[in-house]
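One structure is given below, encoded as structure tokens.
The shown structure was predicted, so the numbers you read here are calculated from the model rather than taken from an experiment. We count ligands from 1, going down the list as the structure has it; atoms in each ligand are counted the same way.
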Amino acid sequence: MAHIIDGKAISQQIKDELKEEAARLKEAGKTACLAVIQVGKDPASSVYVNNKKKACAYIGIESLSYELEETVSEEELLSLIRDLNGNPAVNGILVQLPLPAHIDEFKVIQTISPEKDVDGFHEKNVGALNTGGKGFVSCTPAGIIQLLKRSGISTAGKHCVVIGRSNIVGKPAAALMLRENATVTICHSRTQNLKEMTRQADILIVAMGRPKAIDADYVKDGAVVIDVGIHRMENGKLCGDVDYASVEPKASYITPVPGGVGPMTIAMLMENCMSAIR
Ligand code: NAD
């Protein structure tokens, strides 16, 4: 039976630590401020944006909300970002993705000042992560590292296999595990013999976006399994990329879905906002 990594409890612990820090900094006259931009009214995006605003309110971070029409031009959005870049009262800028097709997501991300890019998506921050420099780190992978550390799981010298090479999860997760001195293998949709690779993993991070794709056959006895995937099933319940019922008896540690990696993303966003004013 695996030890279940409680992402809900760990994220709450982080938020409470940040709340205390925010109160201390407030006494010294410093308050963090996050500007959140949403384009259009996608219901899933609205839920994410609201959760971010709620987390800000809980911790004592100010949040500014910009709700733009789906039809807003790219230039109007870029111009708002440039204004916020130049506004000294704003410490963090977040543009909720995805954006409508007529707006170039890459251009938008690169327009955010790297010093305010609390999502950690700007090329300068990605570069810093890969060269050992200082910068914001993408929130979901940063959350994975906190889950491991706060569960007392050592990473140095361990073989970590990451499934997925996206810019927001797979690649930064691999870079962070390397920084934590793991030996890292990245697998993706063109990887041959995926099972052979994953069975070598002491720590398996799954971010492939395929519901319940990884069962016990892919997992070494006693492995630590981190499931980043999140999917809504036909019965309305959530599941991950890992077949939890199959893998849990074989793993030493496992993250559930929901309540594993998911809650960590917002906690790490809050951490990034606070680090912007430290
Ligand atoms: P993505 O679709 O951008 O990337 C998926 C990756 O998986 C790709 O690199 C692809 O090469 C790889 N892949 C796909 N099929 C594969 C296969 N059969 N074998 C091996 N590799 C395969 O997805 P993403 O944005 O990285 O997200 C991954 C999952 O994590 C999704 O389910 C997403 O909803 C979830 N997610 C959760 C959070 C969170 O806060 N919990 C945050 C971001 C993403």
Side-chain angles (χ1 to χ4, degrees), residues 4-12 14-15 42-52 54-55 94-99 105-106 109 118-121 126 129 136-148 160-177 184-201 204-215 217-219 225-233 237-244 247 254-272:
I4 295 159
I5 299 176
D6 187 346
K8 223 172 147 187
I10 294 174
S11 68
Q12 189 58 48
I14 291 172
K15 284 191 280 186
D42 172 58
S45 291
S46 300
V47 171
Y48 291 134
V49 164
N50 273 330
N51 287 342
K52 287 166 188 174
K54 266 195 233 161
L94 182 153
V95 179
Q96 185 65 42
L97 304 178
L99 292 169
E105 221 165 80
F106 181 79
I109 291 168
V118 283
D119 259 335
F121 295 162
V126 175
L129 170 63
F136 291 113
V137 175
S138 179
C139 302
T140 303
I144 294 173
I145 300 299
Q146 284 301 311
L147 287 178
L148 294 171
C160 174
V161 175
V162 180
I163 314 180
R165 58 172 165 181
S166 71
N167 287 338
I168 61 165
V169 188
K171 279 190 273 195
L176 281 172
M177 289 304 286
V184 180
T185 301
I186 304 177
C187 298
H188 48 80
S189 53
R190 302 284 183 89
T191 296
Q192 293 178 1
N193 308 326
L194 181 65
K195 215 177 265 188
E196 267 174 41
M197 299 288 182
T198 58
R199 276 178 171 166
Q200 296 173 37
L204 180 60
I205 298 177
V206 188
M208 61 198 292
R210 307 251 180 264
K212 296 190 182 183
I214 299 301
D215 63 17
D217 243 16
Y218 287 81
V219 177
V225 180
I226 305 291
D227 187 358
V228 185
I230 182 149
H231 311 274
R232 191 159 303 273
M233 295 184 287
K237 291 193 172 164
L238 295 176
C239 77
D241 290 349
V242 171
D243 182 344
Y244 185 88
V247 171
I254 190 166
T255 57
V257 177
V261 174
M264 294 301 290
T265 301
I266 288 189
M268 298 320 290
L269 173 68
M270 298 297 109
E271 159 64 29
N272 280 350

Atom pairs and distances, side-chain donor-acceptor, residues 263-272, under 3.5 Å, sequence neighbours left out:
from: Thr265; atom 1: OG1; to: Thr140; atom 2: OG1; distance (Å): 2.9
from: Glu271; atom 1: OE1; to: Arg278; atom 2: NH2; distance (Å): 3.2
from: Glu271; atom 1: OE2; to: Arg278; atom 2: NH1; distance (Å): 3.0
from: Asn272; atom 1: ND2; to: Val118; atom 2: O; distance (Å): 2.8
from: Asn272; atom 1: ND2; to: Val137; atom 2: O; distance (Å): 3.2

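- The shortest contact between atom 16 (C) of ligand 1 and any protein heavy atom is with Met208 CE, 3.7 Å.
- Of all the heavy atoms of Met264, none lies under 4.0 Å from any atom of ligand 1, so neither backbone nor side chain is involved.
- Residue, atom and distance of the protein heavy atom nearest to atom 24 (P) of ligand 1 are Ser166 OG, 3.7 Å.
- With sequence neighbours excluded, no residue forms a salt bridge (Lys or Arg N to Asp or Glu O under 4.0 Å) with Asp215.
- Interface of Ile163 with ligand 1, defined as ligand atoms under 4.0 Å from a residue heavy atom, comprises 20 (C), 21 (N).
- Remark: among candidates Gly209, Gly170, Ala207, the nearest residue to atom 6 (C) of ligand 1 is Ala207, based on non-hydrogen atoms.
- Scanning all protein heavy atoms for the shortest distance to atom 11 (O) of ligand 1 gives Ser189 N, 3.0 Å.
- Close approach to His188 involves these atoms of ligand 1, each under 4.0 Å from a residue heavy atom: 11 (O), 19 (N), 20 (C), 21 (N), 22 (C).
- For atom 12 (C) of ligand 1, the candidate residues are Ser138, Pro263, Gly164, Pro211; the nearest heavy-atom contact is made by Gly164.
- Listed by number with element, the atoms of ligand 1 under 4.0 Å from a non-hydrogen atom of Thr140 are 40 (O), 42 (C).
- Of all the atoms in ligand 1, the ones that sit under 4.0 Å from a non-hydrogen atom of Gly229 are 29 (C), 30 (O), 32 (O), 35 (C).
- Atom 39 (C) of ligand 1 has as its closest protein heavy atom Thr265 OG1, 3.7 Å.
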